[in-house]
Protein chains: 2
Amino acid sequence: MNLDIIQNKGLKLTKHKLAILKLFELHKHLDAHKINTLLNEEGNNVSAATIYRVLASFEKNGVVVRHNFNEDQAVYELADPNHHHDHLICTKCNKVIEFYNCQIELLQEEIAKKNSFKIINHHLNLYGICSECKKT
Amino acid sequence: MNLDIIQNKGLKLTKHKLAILKLFELHKHLDAHKINTLLNEEGNNVSAATIYRVLASFEKNGVVVRHNFNEDQAVYELADPNHHHDHLICTKCNKVIEFYNCQIELLQEEIAKKNSFKIINHHLNLYGICSECKKT
DNA sequence: GTAATTGCAAACCGTTTGCACCCGA
DNA sequence: TCGGGTGCAAACGGTTTGCAATTAC
């Protein structure tokens, strides 16, 4: 776990932060509400305010990355700067599948160059129906 | 203008709807707040509720498309089913540049197939600094 | 000890909705 | 006429914040 990242910034390593980090090892993609539910289930009562504050702090310090797959609520995942990836999102069951395609990455760079644009970040979200949901 | 689309669905062609449609011919990308401001500037006082209702109706009927470039508010543009495109978004001045790359589209299809996924929609947003903003 | 963290409740902000009135076809 | 459209104010839902108490280091 990236406990070192947290402590190197003068942040304190609290029970709640640990509990939230642990959740991310079990569930790759989590939103604030889901975190709240899961923590409650394990008897860990954490206020919503704290969850948002922890997530904001984690994001600022590069521990997690925030996504906006749908307009409703933000989804977070552990940051991994060495393994960029994009997402397939099932609009039925909300399952998220990660993928990486270096040809697409290269084409994006070309497009940026053509438009004299300096890319800082990008999101490629493919929305559709996953194999499970296609059956039903 | 796609006035026919509106009327063929039993919708009424009101002054407000016309005014909003006209705005989209001048500004490709608009959010509810911007629309409100622009309408006020031309002396056209329209309540926020109406703007949201018109946009929702337009979206439902395929007149406009909604985007969530940033987490704050939704951005709309006129729908054009024959000319799909993706976006470069300047994080400094919020300028939006459209692009289309058929190789990327093909690669997306491949990825979907590999994951037994049926793509319904996708968003490719490249965030960065535009040529104008790079200078300053 | 002291600065970061937390819980609570209230505030925020974009968006939606209930209701009574208005208007386009 | 009549069903869609509109304004107003209140509601909503995710998220943020002020404040006083708590805790990690």
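Order of the sequence lines sets the chain letters (A, B, ...), proteins ahead of strands, with each chain counted from 1.
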Open item on the list: Under a 3.5 Å distance rule, please check whether Asp31(A) uses its side chain to pair with a backbone N or O of His33(A) as donor and acceptor.
Closed with: yes
Open item on the list: Heavy-atom nearest nucleotide on DNA chain C for Lys12(A) versus Tyr76(B): which residue maps closer to 5'?
Closed with: Lys12(A)
Task: Cationic N near anionic O, under 4.0 Å, Glu132(A) to Lys92(A) - done: no
- [ ] Quick one: label Ala48(B) by what it contacts on the DNA or RNA (base, sugar-phosphate, nothing), any heavy atom closer than 4.0 Å.
- [x] nothing
- [ ] Write down the distance between NE2 (His16(B)) and P (dG5(D)), rounded to a whole number of angstrom.
- [x] 12 Å
Task: Interatomic distance where CZ belongs to Arg53(B) and C1' belongs to dG5(D) [whole Å] - done: 8 Å
Task: Gap between atoms CG and C1', on Asn36(A) and dG7(C) respectively (whole Å) - done: 12 Å
Open item on the list: Please report the distance, rounded to the nearest Å, between OH in Tyr52(A) and P in dC8(C).
Closed with: 16 Å
- [ ] Answer with base, sugar-phosphate or nothing: what part of the nucleic acid does Asp31(A) contact at a heavy-atom distance below 4.0 Å?
- [x] nothing
TODO: Nearest whole angstrom, please: distance from the P of dT15(D) to the CZ of Phe58(A).
DONE: 17 Å
- [ ] Take the protein atom NZ of Lys15(A) and the nucleotide atom P of dT22(D), then report the distance between them rounded to whole Å.
- [x] 15 Å
Open item on the list: More than 12 heavy atoms of other residues, nucleotides or ligands under 6.0 Å from NZ of Lys134(A): yes or no?
Closed with: yes
- [ ] Could you say whether Thr14(B) or Gln73(B) is positioned toward the 5' end of DNA chain C, judged by the nucleotide with the nearest heavy atom to each?
- [x] Gln73(B)
Task: Geometric class of the His67(A)/Phe69(A) ring pair [parallel <30°, tilted 30-60°, perpendicular >60°] - done: parallel
